[in-house]
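Heavy-atom basis, side chains included; hydrogens, waters and symmetry copies ignored. Along the sequence shown, residues are numbered consecutively beginning with 1. Atoms within a ligand are numbered from 1 in the order they appear, just like the ligands themselves.
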Amino acid sequence: MAKINENFLNLKESYLFSDIAKKVDAFTAANPDKTVVRLGIGDVTRPLVPAVIEAMHKAVDEMGDAATFRGYGPEQGYGFLHEAVQGYYKSFGVTLDNDEIFISDGAKSDVANITDLFDQANTVLVPDPVYPVYVDTNIMNGRNIVYLDANEDNGFLPMPPSDVKADMVYLCSPNNPTGATYNYEQLKAWVDYANANGAVILYDAAYESFITEDGLPRSIFEIEGAKTCAIEFCSLSKLASFTGTRCGYTVVPKALTFAVDGKDVALNKLWLRRQTTKFNGVPYIIQRGAAAVFTDEGLAQIRENIGFYQENARIIGETLDELGITYFGGVNSPYIWLKCPNGMKSWEFFDYLLENAAVVGTPGSGFGKNGEGYFRLTSFNNHENTREAMARVKALLKK
Ligand SMILES: *Cc1c(COP(=O)(O)O)cnc(C)c1O
């Protein structure tokens, strides 16, 4: 009889987004005259930019011509996209070899699949509140997870613990859900901790393109020593509206090695083997679109989209400032993480906003115990809806 992986039975059901949908549906049914404004969704709203569309159209034509048709491509991505990503990293001072860059169908898969390279006995350090993928994939593998408190005291940027020697550390900066972003000094402390303990940092940089302030690293590889301890995951999802188009990349430096029986084993080699065995690459058409993102034209067009979201974040922040509500993020991130007013709990504030302002956000408690009492708003909407939502919030909370 087949024995199942019983670790799956240890996963907690996540009802967060279905509970939100249920409550919103019930409210809409009871209040057909009211228009609900949603600032809860973690998905982009701006369309693909013209440079991407043009490159993909051209690639479609190539696929329809026997002379330029392509079948299976390299599992780790085409050279032209490696070069495009390499050039992008160079723009913030990071030098990478082509074969340190692995193209994938997005950061979620890579963040999850990277666990294949690590032993079950490793101790995993995960900040709380957190993007649920880090936790659930390690539960599926039966690893021991230690949570690191991210809270108001540490500005939602926890630093390395002195009492835990973790083997695998997940960091997400700019953070989903809190929007908090590590600076150079803080990341250096993490790199030093990892190198001292022989730990690996799994660095999720999905929101790096939202960083606008000076003095904040776009990549962990801007930190000295990171190439011997870190893997970086990035995605075109939030950078270039690829959430439905699917493309991301993972950087595994060749200097990241672990000694086994006196021999150095490079994780870069293991990841290549893992990908060539279990993955057959991202479609050529998508990779052509992705490469166009990193051209001067593509980057200029994308900057406009990101600026559009940043204006929404500014509108939200301005209203919260006027109301004297404490919040994090919103500057280098599409997310605004606010402290629920009047000591309300996350779901209490959710109900209050929905019932009295028909505005929807995401209860912070859905991201971990330290999220209780907090609430996430996103800038992924248009200006009109964002202004309308904030006008309603202001009218409600000013009293
Ligand atoms: C959106 C997001 C990603 C990107 O996932 P894709 O699979 O590339 O769409 C990765 N990490 C975090 C924290 C995210 O919020």
Side-chain angles (χ1 to χ4, degrees), residues 14 16-17 39-48 52 77 81 85 88 101-115 124 126-138 148 150 156-158 169-182 201-211 218-220 230-251 275 279 281-283 286-287 289-290 293-294 302 305-306 309 313 328-330 332-337 361-362 364 366-368 371 376-381:
S14 173
L16 179 63
F17 289 98
L39 297 184
I41 302 153
D43 196 355
V44 292
T45 50
R46 304 290 296 161
L48 295 172
V52 169
L81 186 49
V85 173
Y88 185 59
I101 301 162
F102 295 83
I103 307 302
S104 74
D105 62 354
K108 184 179 182 176
S109 331
D110 282 6
V111 163
N113 293 333
I114 203 80
T115 54
V124 182
V126 176
D128 171 322
V130 72
Y131 179 60
V133 178
Y134 316 147
V135 172
D136 288 350
T137 53
N138 280 291
L148 196 59
F156 289 94
L157 294 168
V169 179
Y170 286 83
L171 297 178
C172 177
S173 175
N175 191 270
N176 179 10
T178 69
T181 308
Y182 282 112
I201 295 175
L202 303 166
Y203 192 75
D204 187 338
Y207 296 95
E208 60 77 22
S209 57
F210 284 83
I211 293 176
R218 302 280 293 269
S219 161
I220 194 164
I231 293 175
E232 180 160 292
F233 304 90
C234 206
S235 167
L236 277 74
S237 284
K238 318 305 173 0
L239 167 74
S241 302
F242 270 54
T243 49
T245 307
R246 311 304 307 145
C247 194
Y249 50 90
T250 290
V251 178
Q275 290 299 79
F279 183 59
V282 176
I286 305 299
Q287 291 194 59
V293 167
F294 301 106
I302 277 151
N305 272 354
I306 291 173
Y309 299 130
F328 296 81
N332 303 294
S333 156
Y335 299 120
I336 290 93
W337 181 250
T362 311
F367 299 100
R376 192 189 75 173
L377 294 176
T378 89
S379 58
F380 294 135
N381 210 313

N/O to N/O under 3.5 Å, ligand 1 against protein:
from	atom 1	to	atom 2	distance (Å)
ligand 1	7 (O)	Ala107	N	3.4
ligand 1	7 (O)	Lys108	N	2.9
ligand 1	7 (O)	Arg246	NH2	2.7
ligand 1	8 (O)	Ala107	N	2.7
ligand 1	8 (O)	Ser235	OG	2.6
ligand 1	8 (O)	Ser237	OG	3.3
ligand 1	9 (O)	Ser237	OG	2.6
ligand 1	9 (O)	Arg246	NH1	2.9
ligand 1	9 (O)	Arg246	NH2	3.4
ligand 1	11 (N)	Asp204	OD1	3.3
ligand 1	11 (N)	Asp204	OD2	2.7
ligand 1	15 (O)	Asn176	ND2	2.8
ligand 1	15 (O)	Tyr207	OH	2.5
ligand 1	15 (O)	Lys238	NZ	3.4

Heavy-atom side-chain contact between Leu148 and Asp128 under 4.5 Å: no
Donor-acceptor side-chain pairing of Tyr203 and Glu208 below 3.5 angstrom: no
Are Tyr309 and Asn381 packed together at the side-chain level, in the sense that at least one heavy-atom pair is separated by less than 4.5 angstrom? no
Any residue meeting salt bridge (Lys or Arg N to Asp or Glu O under 4.0 Å) with Arg246, in chain and number order, not counting sequence neighbours: none
Phe210 meets the ring-ring contact (aromatic ring centres under 6.0 Å, His included) criterion, sequence neighbours left out, with none
Which residues pass the side chain to side chain contact (heavy atoms under 4.5 Å, CB included) test with Ala313, not counting sequence neighbours? Ile336, Ser379
